[in-house]
Amino acid sequence: MTTPAPLCVGYLRLQMADDDQSEQQHVAAMAAFAEREGLALSMVFVEKRWSRALALNALAAYCQSHDIRNVIVPTAGHLNQLPVLSDLSKDVLEQDIDGRVWVVASTEDESSCPPTLAENGGDR
């Protein structure tokens, strides 16, 4: 008798440039990743407005109430655009669900925003 794959949920935060096709591509990538890792993607929470975290909060509550310990995101940037805040969001979510947040694309695949430096090192 085979044991069923552990359930997981997905999370993605849409950007203004995203359309239905890019949303479907993200979901397909998360589903393929889940299958490769031996997980079963049960649902995907989608943040429709970039500045909000309603879907992320709902995801955490859902995971807690359904004993789901795995969350998949397309890139760390879906948790937050700033890498340090993305790492923090990942850590907090892992604590909230007492589990693991899986990132489909590595940070090498993601683009980052370089810091803006003032002219003359800011000495004015």
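What you see is a predicted model, and the numbers here were worked out from it, not measured in a lab.
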Pairs where [range] contributes a residue and the test salt bridge (charged side-chain N to carboxylate O under 4.0 Å, His left out) is met, not counting sequence neighbours:
| range | result |
| --- | --- |
| residues 32-42 | none |
| residues 73-82 | none |
| residues 64-88 | D67-R69 |
| residues 70-85 | none |

Residue list, side-chain contact (heavy atoms from CB on, under 4.5 Å) with [X], at least two apart or on another chain:
| X | value |
| --- | --- |
| Q25 | Q21, S22 |
| I97 | C63, V71, L93 |
| V27 | L12, M30, V44 |
| A55 | Y11, F45, E47 |

Roughly how far, to the nearest 0.5 Å, is [atom2] of [Y] from [atom1] of [X]?
| X | Y | atom1 | atom2 | result |
| --- | --- | --- | --- | --- |
| I72 | R100 | CD1 | CZ | 10.0 Å |
| C8 | F33 | SG | CZ | 9.0 Å |
| L88 | L82 | CG | CG | 11.0 Å |

query: Quick one: are K48 and E23 in side-chain contact, heavy atoms under 4.5 Å?
result: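 Yes, side chains in contact.
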
side-chain contact (heavy atoms from CB on, under 4.5 Å) test vs R13 passes for just one of R52, Q81, H78, namely H78

Heavy-atom pair of closest approach, residues [X] and [Y]:
| X | Y | result |
| --- | --- | --- |
| V104 | P74 | CB-O, 3.4 Å |
| N80 | S89 | CB-OG, 4.4 Å |
| G38 | A5 | O-CB, 3.3 Å |
| V9 | S42 | CG1-OG, 3.6 Å |

Check for me, please, whether L7 and M43 land in the same ILVMFWY cluster - side-chain distances under 4.5 Å, paths through other members count.
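They do share one cluster, since a chain of ILVMFWY contacts under 4.5 Å joins L7 to M43.
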
